[in-house]
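Notes follow once the structure below has been shown.
Throughout, a chain's letter reflects where its sequence line sits, starting with A, and its residues are numbered from 1.
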Amino acid sequence: MADALVHVDDVTKKYTTRGGSVAVLDHIDLEVPKGDFMALMGPSGSGKTTLLNLIGGLDRPTSGRVTAIGQEISRLSSRELAAWRSQHVGFIFQFYNLMPVLSAAQNVELPLLLTRMNKAERRRQVEVALGVVGLSDRLKHKPSELSGGQQQRVAIARALVIDPELILADEPTGDLDAVSARDVLELMTRLNEEFGKTILMVTHDPHSAEVAKRIIHLDKGVLSQEVRV
Amino acid sequence: MKFFGYLRANLGRNRVRTTLTIIAIAIAMFLFCFLEATLSALQTGIDSSSDRRLIVRNRVSLVQPLPIAYRSKIQSVPGVAENGTAFGIWFGATWEQDRDYFFAQYGVNKDTYFQINPEIQVPKEQLERFYADRRGAIIGRDLADKLAKKIGDPIVLLGSIYPGTWEFTVCGIFEGKDSSVPEDVMYFDYDYADESRDESSQGLVGFYTLQLADGANPAQVAEAVDATFENDAYQTKTETERAFRMGFFSMWGNVTLLLRFVGAAVVFTILLVAANTMMMSVRERTNEIGTLKTLGFQNRTIVSLMLFEALLIALIGGVLGVGLAIVMLNDFSMPGGLTIPPVPPLSILLALGITALTGLVSGTGPAIMASRLSVVAAHGRI
């Protein structure tokens, strides 16, 4: 696929344990087209998070090649990977992973601290990002002063603020009630449709997966099924 | 600078722990400055002494007296300058208005004492006034300031070695030739104290100071003085003023080594406390460090943040401790008479340097720990 944003070519990932070597991913091939919203489903231990880690440049494959946003990231050094992540990938976590001592605005500003933006520019970007997720009035609130849904929206704003081509979300609704989960999914759909962000979302929840354009099933380290929604 | 907000927020993460660590470092640095100032006080006493003056004392002990009659014999020893002998007693009284405030008082002979000790600079007219007043006293500038006394004011002391209530009049205020000369000392007429004693105790002095003639060899003169009294009831021990003062301090043992050992132990202990605090702080933040790495923070940035945080905590504590020492040890007087001078500038720099080093060393372990943390391990999962 020529305009694919992510290419996973014959990737194997093995972990060495006391009991020996365990292949979590076994010769995986995957392409994520630009502008896609893909849901990655599968049972616990199937390798979903490992695959997400490899695509996000948080881990390296044992063999095979991962290319994302025109860069073969499986060849980059740790330092290069960090720089690459800071410029191209937004991450959304199940438990939000916000800094509890920082306000919503400061949390969203964190990725911008790695750029050359001055304070005024960073502030403007933060306000825009928090505006997109509907939290313009919560700039100074600490995470503990926000609901779970609001915290996840701050996390989405943090992922969005660097204007990444790729957003990786790991169970973004896993810790939310139904209403908040729906809001977050609507927001992610908007990011995909309105802002053109390519999203790869890991989820257990079939209802959540339905908002995606494609659903991939991963089982025992092997991509088993692809459903176009 | 753009990370300052993050650093500041982290300092407030566990306010009690941060505050306690800062207090611990502040106390350590205060103690360090106190020890340094004490060492400086001891060293100042040695520095102000001269190699061209000899001290003659009782061979048995410093507290044993010598007869005043020795003066003429000492004066006749070859190598002693003309009119080159002076003597004095340790008075050891307390100030009536504040018995806890102690300062040194010496009863000295009026005729030569201030000529032989020119580093004690007294204006001529004040010296003449002192000569004319039997109860006259000459006090140092620092002492005058502390007691709030000026020329003509009375000073009342309560005697212990010389019992009774002693009234003096300030006739002069001296200033040291340089900062090594202690100015918290009082001198008065030896005769005033001596006359108060019963006849059997009169005519005894605590020490002699003698000025060497030009070209005289200190060791030879000292030997000659001691030989003069070798067969007398009161045998002498003569040494240079510097050797005398060093020997005086050595009676406490190796004070310098002891104080430096205590200082090092304090700093090392605080280093462990600070390092432990930083370790706990990093362990608590494993997930957050993982998140920072996920967002693209380089290891070197995370190491810098950790080190700066540790440095900031240490420096806040250090500046507080040093500041407190500067304010509190401004001519602080210890029970027993040793006046602690202001903390020497070099010691302030040393304290701040040690503080910074403590911060950096205590932050290094946690920073390395944080930098080695793998993102996947930090989160368990992203």
- Task: Using modelled atom types only, decide if a donor and an acceptor are shared between the side chain of Thr198(A) and the backbone of Leu166(A) within a distance under 3.5 Å.
- Result: no
- Run the salt-bridge test on Glu72(A) and Arg75(A) with the 4.0 Å N-O cut-off and return the result as yes or no. yes
Closest non-hydrogen atom pair between [X] and [Y], with its separation:
X: Arg158(A); Y: Tyr96(A); result: NH2-O, 3.1 Å
X: Leu168(A); Y: Gly56(A); result: CD1-CA, 3.3 Å
X: Arg85(A); Y: Lys293(B); result: NH2-O, 2.6 Å

- Any side-chain donor near an acceptor of the partner, Thr62(A) and Thr12(A), under 3.5 Å: no
- Going by atom types only, do Ser77(A) and Glu80(A) share a side-chain donor-acceptor pair under 3.5 Å? yes
- What are the residues of residues 106-128 of chain A, in order of number, with any heavy atom under 4.5 angstrom from a heavy atom of chain B? Gln106(A), Leu110(A), Pro111(A), Leu113(A), Leu114(A), Thr115(A), Arg122(A)
- Task: Start with the C-alpha distance between Leu40(A) and Met201(A), add both sets of side-chain angles, then the distance that settles side chain to side chain contact (heavy atoms under 4.5 Å, CB included), and finish with yes or no.
- Result: CA-CA 6 Å; Leu40(A) 188 57; Met201(A) 176 177 72; over 6 Å; no
- Query: Any idea how Phe93(A) and Phe91(A) line up, ring-wise: parallel (<30°), tilted (30 to 60°), or perpendicular (>60°)?
  - Reply: parallel
- Message: Are there residues of residues 296-321 of chain B whose heavy atoms fall under 4.5 Å of chain A's heavy atoms? If so, which?
- Response: Gly296(B), Phe297(B), Gln298(B), Arg300(B)
